[in-house]
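Single-structure report; data block below.
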Protein chains: 2
Amino acid sequence: MNDVSAPPARRPLTLRDVSEASGVSEMTVSRVLRNRGDVSDATRAKVQEAARALGYVPNKIAGALASNRVNLVAVIIPSMSNMVFPEVMGGISSVLEETELQPVVGITDYLPEKEEKVLYEMLSWRPSGVIIAGLEHTEAARAMLRNSGIPVVEIMDTDGNPTDCAVGISHRRAGREMGEAILEAGYRRIGFMGTKMALDHRARKRYEGFVEALAKGGVELADWEFYEGGSALAKGRELTAAMLERTPDLDFLYYSNDLIGAGGLLYCTEKGMDIPGSFGMAGFNGVELLRGLPVTLATIDSCRREIGRTAADMIVARMEGATSSEVVTLTPKLQPGDTMRLSAP
Amino acid sequence: MNDVSAPPARRPLTLRDVSEASGVSEMTVSRVLRNRGDVSDATRAKVQEAARALGYVPNKIAGALASNRVNLVAVIIPSMSNMVFPEVMGGISSVLEETELQPVVGITDYLPEKEEKVLYEMLSWRPSGVIIAGLEHTEAARAMLRNSGIPVVEIMDTDGNPTDCAVGISHRRAGREMGEAILEAGYRRIGFMGTKMALDHRARKRYEGFVEALAKGGVELADWEFYEGGSALAKGRELTAAMLERTPDLDFLYYSNDLIGAGGLLYCTEKGMDIPGSFGMAGFNGVELLRGLPVTLATIDSCRREIGRTAADMIVARMEGATSSEVVTLTPKLQPGDTMRLSAP
DNA sequence: CTGAAAGCGCTAACAC
DNA sequence: GTGTTAGCGCTTTCAG
């Protein structure tokens, strides 16, 4: 007899059912099923067989309530559809898979109120830790994080004041470095293209760092464009065409992410523009996907996987007794690819 | 006083704390916080104020145990990193957001044993429903699904026997239709390129349908290649180059997904090949991302968002009392794009 | 409209 | 090694 032959159960099975079927007390059944405490091999075998045969699935709700332990880590991120967060998740999972912990994801769509709501929902399941994107949250959300009594890791960004632990890069610095490198290479008529970023603080910080670096070199943006929605590749193509039409003397275009950058790049290579000689381009993120383009776009890696791994490590360290609020700033190097000169011609 | 000024709580707050702070019984506090039953406006206000001030976050673990209700829907999918499942998730979320239900995602990496484990873990939280990719599962997983006593929707694929509800497309048919269209257009020296698909049943079914359609037209695959891992775009580029080197007289290349297809397409347009005149190409999925390529790849849409929406609707319908096990087969139309002729030259 | 009692299914802490 | 008892924080049910 095995689980397959068990008749569909109307009422979910309980420990008591396994206990009765095996003639072993509920407590010992519980011990066997959790591999805790010493149980004789004979009893263990009896219990396991009974559980299998019935197709028993433990009720974690009850277990969590009784033990006051929930092996879940809440991961709160703005989106799953761009290239960035799936990679962060990969990093988190790779670490948590070695432990008892499991990630549970909540999506905020870059909306602060939704973030607050999602956080509230997740905290009400009493997870063992929280990994949350960004340093900007509503007051209420910050309060919930502080009062949760569990380890909190804010990820992606380190330009600001973490609630507890944090790991990320400085987006302001990434923008600044790109700006500096562009000036150093002798480009002067510079355009910017990015998402409307009222709510995407990291994109905004990159933009601010970029403009600041240009200003320090006595250069102002020659043109700029903010878009929203739509396929990034297509948008990059369209908007690049439009901008080059409007401001034909541009000699560099900085995109707030690699995907619109790639769209622009495809357009420019088709047009047969002289890249990087008389026209340069750069994006941000270092997305793997774009290997395979005819020409590789200059970019700065956002260290997504590394961030995910580190964040998960921080949670694990805390659960193992660490008490400090670590803050880790990663410093990716600019990757010039094929689309920007390194020095003035 | 508000939640922000509340001192960090060491012990999580309980209903009792709110009850004491407001001078209202736990039961009535519970009523207020859940908007159930009639409570006088005065009492309601007192309770809400107290809860806010303390920064109380309800404990869903306890709530779920007591009420035997969990507003979670388990969503079990192979991967989050390709273009396909984020869109399915979007469809699911868009429907569930109108309800009390919340999706919780588990990832299987296309591994049957991992799927079984993830399913077990999720069922142990006693969700209200399960949405799971594919029709192929281990025996134990099938048993768990049957015995769970909750609505189950198997998604993506309808070539097989659903456990309960299902919504998807016929991948075998998709492969067949592409094969037929290619023959109809007069291509004859046909190559195939796809992932190693021992565990990706849908890719395998497309392949089988494709080969079958060619066979019916008296044509055999002229060359084929199965890859694994790596950036799809780059892989598509490399492998296409290699295959065209090896079998230069190919006049069509069918890719098992749009991304490797796009990699191949970029390579072929660079080489200046005559597309679709003397060489045709096609992929599968209809991914939005690729709008923005210089040339659009022929493809068949996998109806990802629609599948997600329908699956969620099915769960909701069940929770509202429906009892039937619906099976919905969507029938996407072939989109020839710019990379295949429609009839023989 | 409000409250008191019972118990959801499991595990911690003790007995034996 | 194994069993017993109490109770996790909430909701159900039933009284008032």
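Lettering of chains follows the sequences in order, A, B, ..., and the numbering in each one begins at 1. What you are looking at is a predicted structure, and each value in this text was computed from that prediction instead of being measured.
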Review point. What's the CZ-P distance between R31(B) and dT2(C), to the nearest Å?
Key: 8 Å
What pairs of nitrogen or oxygen atoms, one from the protein and one from nucleotides 5-9 of chain C, lie under 3.5 Å apart?
unit_1: dC8(C); atom_1: O2; unit_2: A66(B); atom_2: N; d: 3.3
unit_1: dG9(C); atom_1: N2; unit_2: A62(A); atom_2: O; d: 3.3

Review point. Run the side chain to side chain contact (heavy atoms under 4.5 Å, CB included) check on L72(A) and W125(B) step by step: do they pass?
Key: CA-CA 11 Å; L72(A) 299 177; W125(B) 288 102; 3.9 Å; yes
Point to revise | side chain to side chain donor-acceptor pair (under 3.5 Å) evaluation trace for E154(A) with T163(A) | key: CA-CA 8 Å; E154(A) 286 166 292; T163(A) 306; 3.3 Å; yes
Exercise for review: Flag the pair E26(A) and R16(A) as a salt bridge only when some basic side-chain nitrogen lies within less than 4.0 angstrom of an acidic carboxylate oxygen.
Suggested key: yes
**Study point:** Of residues 33-48 of chain B, the positions that come close to DNA chain D - non-hydrogen atoms, cut-off under 4.0 Å
**Key:** R34(B)
Check your understanding: Under the salt bridge (Lys or Arg N to Asp or Glu O under 4.0 Å) test, which residues partner R69(B), sequence neighbours left out?
Key -> none
Exercise for review: Kindly indicate, with the supporting measurements, whether the criterion salt bridge (Lys or Arg N to Asp or Glu O under 4.0 Å) is fulfilled by R318(A) and D164(A).
Suggested key: CA-CA 11 Å; R318(A) 273 301 193 74; D164(A) 181 2; 2.6 Å; yes
Practice item. Determine whether E49(A) and S22(A) make a side-chain contact, defined as any pair of heavy atoms from C-beta on separated by less than 4.5 Å. Key: no
Exercise for review: Given salt bridge (Lys or Arg N to Asp or Glu O under 4.0 Å), test D17(A) with R11(A) step by step and report yes or no.
Suggested key: CA-CA 11 Å; D17(A) 295 306; R11(A) 165 184 65 78; 3.0 Å; yes
Exercise for review: Take R44(A) and S40(A) through the test side chain to side chain donor-acceptor pair (under 3.5 Å) and record every step on the way to the result.
Suggested key: CA-CA 6 Å; R44(A) 174 182 311 283; S40(A) 72; over 6 Å; no
Review point. Hey, which of L119(B), T108(B), I76(B), I132(B) is the one that makes side-chain contact (heavy atoms from CB on, under 4.5 Å) with H137(B)?
Key: I132(B)
Practice item. Give the intermediate values and the outcome of salt bridge (Lys or Arg N to Asp or Glu O under 4.0 Å) for residues E113(B) and K117(B). Key: CA-CA 6 Å; E113(B) 313 77 38; K117(B) 204 185 123 202; over 6 Å; no
Revision key, fill the gap. Looking only at heavy atoms, the pair that brings R142(A) and N161(A) closest together is NH2-O, 3.4 Å
Practice item. Give the first and the last nucleotide of DNA chain D, reading 5' to 3', that has any atom under 4.0 Å from a heavy atom of chain A. Key: dG1(D) to dG9(D)
Check your understanding: Any side-chain N or O of T28(B) under 4.0 Å from OP1/OP2 of dG3(C)?
Key -> yes
Exercise for review: Look up atom CZ in R309(B) and atom OG in S94(B), then write down how far apart they are to the nearest 0.5 Å.
Suggested key: 5.5 Å
Check your understanding: What residues, two or more places apart in sequence or in another chain, satisfy side-chain contact (heavy atoms from CB on, under 4.5 Å) together with D159(B)?
Key -> D157(B), S170(B), H171(B), R172(B), K205(B)
Point to revise | Helix axis bend for the helix from dC1(C)-dG16(D) to dC16(C)-dG1(D) - C1'-based end axes, five pairs, 10° rounding | key: 30°
